[in-house]
Participant: 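Please read through the structure below; I'll follow up with questions.
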Amino acid sequence: MPIQHSDVLYTAVATAENGRDGRVATDDGKLDVVVNPPKEMGGSGAGTNPEQLFAAGYSACFQGALGVVARQEGADISGSTVTAKVGIGKNEEGFGIIVDISASIPNVDADTARSLIEKAHQVCPYSKATRGNVTVTLG
């Protein structure tokens, strides 16, 4: 269920100049990066790109969701990491993205890790936002 404006606790504000070949900065100045298309898409690859920024945000958000689930389950996820791989490619409507999420959770067995990852995918706001629009594979 979508949240309403009255439910918002924080709003991030970022402004892009020149789209995929320019600059993106947040209003508080904490993020200010040059963006360029990757070489694989005909760009210079000199700066970061929207897919890298999305992968960074998704992996951090998913790690947070994993922490919430682990606390509920009483699982030790210390030393864990989450990696998001965001691919971009052509589809019928122009371009689309695909995401692979993987987590390394060294202090739990494989079945527990899988269960925690699946539960985190249900509560992660990025997972909720992409559900039904983007193929997300859990590994």
Side-chain angles (χ1 to χ4, degrees):
M1 175 178 212
I3 68 169
Q4 303 301 312
H5 283 287
S6 60
D7 299 321
V8 172
L9 300 174
Y10 167 76
T11 299
V13 178
T15 302
E17 299 171 4
N18 281 344
R20 289 183 157 273
D21 206 1
R23 177 178 162 258
V24 176
T26 56
D27 64 337
D28 62 6
K30 292 182 180 178
L31 179 71
D32 190 341
V33 295
V34 171
V35 288
N36 301 116
K39 289 182 179 182
E40 296 84 351
M41 293 179 67
S44 70
T48 190
N49 59 65
E51 291 69 41
Q52 289 174 323
L53 295 170
F54 187 72
Y58 202 159
S59 63
C61 187
F62 200 94
Q63 179 77 44
L66 187 61
V68 168
V69 170
R71 283 188 294 282
Q72 292 171 345
E73 301 282 321
D76 178 9
I77 64 159
S78 59
S80 66
T81 60
V82 172
T83 301
K85 296 179 181 178
V86 176
I88 184 170
K90 291 185 178 184
N91 63 16
E92 307 82 43
E93 296 141 4
F95 284 88
I97 61 171
I98 189 167
V99 179
D100 292 318
I101 298 277
S102 61
S104 171
I105 311 172
N107 295 324
V108 299
D109 62 71
D111 288 340
T112 301
R114 182 74 184 163
S115 175
L116 291 170
I117 292 166
E118 288 172 358
K119 289 175 182 176
H121 187 50
Q122 295 308 307
V123 300
C124 174
Y126 275 53
S127 292
K128 289 179 183 180
T130 59
R131 194 164 287 124
N133 300 306
V134 174
T135 300
V136 177
T137 303
L138 304 176

Participant: Mind running side chain to side chain contact (heavy atoms under 4.5 Å, CB included) on V82 and I101 for me, showing each step along the way?
Facilitator: CA-CA 7 Å; V82 172; I101 298 277; 4.1 Å; yes
Participant: Is there a path of hydrophobic side-chain contacts, each under 4.5 Å between heavy atoms of I/L/V/M/F/W/Y residues, joining V34 to L53?
Facilitator: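 Per the 4.5 Å side-chain linkage, L53 and V34 are not co-clustered.
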Participant: Testing the basics here: between R131 and H121, what is the closest heavy-atom pair and its distance to 0.1 Å?
Facilitator: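 The pair with the smallest heavy-atom distance is NH2-O, 2.6 Å.
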Participant: Which value, rounded to the nearest 0.5 Å, describes the distance between N133 atom CG and I97 atom CD1?
Facilitator: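 With rounding to 0.5 Å, CG (N133) is 9.5 Å from CD1 (I97).
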Participant: Please report the interatomic distance CD1(I98) to OG1(T130), rounded to the nearest 0.5 Å.
Facilitator: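 Output value for this atom pair is 11.5 Å.
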Participant: Spell out, as yes or no, whether a donor-acceptor pair under 3.5 Å connects the side chain of Q52 to the backbone of N49.
Facilitator: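 Flag set: sc Q52 to bb N49 pair under 3.5 Å.
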Participant: Looking at CG of N107 and OG of S80, how far apart are the two atoms once the value is rounded to the nearest 0.5 Å?
Facilitator: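 Interatomic distance, N107 CG to S80 OG, rounded to 0.5 Å: 8.5 Å.
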Participant: Any heavy-atom pair between the side chains of E73 and K119 that's under 4.5 Å?
Facilitator: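 Sidechains of E73 and K119: in contact.
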Participant: In the single-linkage hydrophobic clustering (I, L, V, M, F, W, Y; side-chain heavy atoms under 4.5 Å), do V99 and M41 co-cluster?
Facilitator: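 Cluster IDs for V99 and M41 match.
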Participant: When rounded to the nearest 0.5 angstrom, what distance separates OG in S44 from CG in D21?
Facilitator: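 CG of D21 is found 6.0 Å from OG of S44.
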Participant: Looking only at heavy atoms, which two atoms of K128 and Q122 are closest? And how far apart?
Facilitator: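 Looks like CE-O, 3.3 Å.
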Participant: For I105 and T112, run side chain to side chain contact (heavy atoms under 4.5 Å, CB included): C-alpha distance rounded to whole Å, both residues' side-chain angles, the deciding distance at 0.1 Å, then the answer.
Facilitator: CA-CA 9 Å; I105 311 172; T112 301; over 6 Å; no
Participant: Provide the closest heavy-atom pair for R20 versus P50 in the form atom of the first, atom of the second, distance.
Facilitator: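 Of all heavy-atom pairs spanning R20 and P50, the closest is NH1-CD, 3.5 Å.
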Participant: Examine I88 and Y126 and state if one hydrophobic cluster contains both, with Ile, Leu, Val, Met, Phe, Trp and Tyr joined whenever side-chain heavy atoms are less than 4.5 Å apart.
Facilitator: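 Yes.
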Participant: At their closest point, which heavy atom of I77 faces which heavy atom of A70, and how far apart are they?
Facilitator: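 Heavy-atom minimum between the residues: CG2-CB, 3.5 Å.
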Participant: Side-chain heavy atoms under 4.5 angstrom apart, residues restricted to Ile, Leu, Val, Met, Phe, Trp, Tyr: same cluster for I3 and V123?
Facilitator: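 The answer is no; the residues belong to distinct hydrophobic clusters.
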Participant: So, for A75 and L116, which heavy atoms are closest and what is the spacing to 0.1 Å?
Facilitator: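 Scanning both residues completely, I find the closest heavy atoms to be CB-CD1, 3.8 Å.
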Participant: For a 4.5 angstrom cut-off between non-hydrogen side-chain atoms, does F54 reach V134?
Facilitator: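 No - every pair of side-chain heavy atoms lies 4.5 Å or more apart.
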Participant: About how many Å separate OG of S115 and CG of D109, when rounded to the nearest 0.5 Å?
Facilitator: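 Going from the CG atom of D109 to the OG atom of S115 covers 9.5 Å.
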Participant: Parallel, tilted or perpendicular: which one describes the rings of F62 and Y58, with boundaries at 30° and 60°?
Facilitator: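 Ring orientation of F62 relative to Y58: tilted.
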Participant: Are the side chain of R114 and the backbone of A110 linked by a donor-acceptor contact shorter than 3.5 Å?
Facilitator: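 Checking the backbone N and O of A110 against the side chain of R114, no donor-acceptor pair under 3.5 Å is found.
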Participant: Roughly how far apart are K85 NZ and T137 OG1, rounded to 0.5 Å?
Facilitator: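 Result: 11.0 Å between the selected atoms.
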Participant: Taking all heavy atoms of C61 and all of P125, pick out the closest pair and write down the distance.
Facilitator: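 C61 and P125 have their closest heavy atoms at SG-CD, 3.4 Å.
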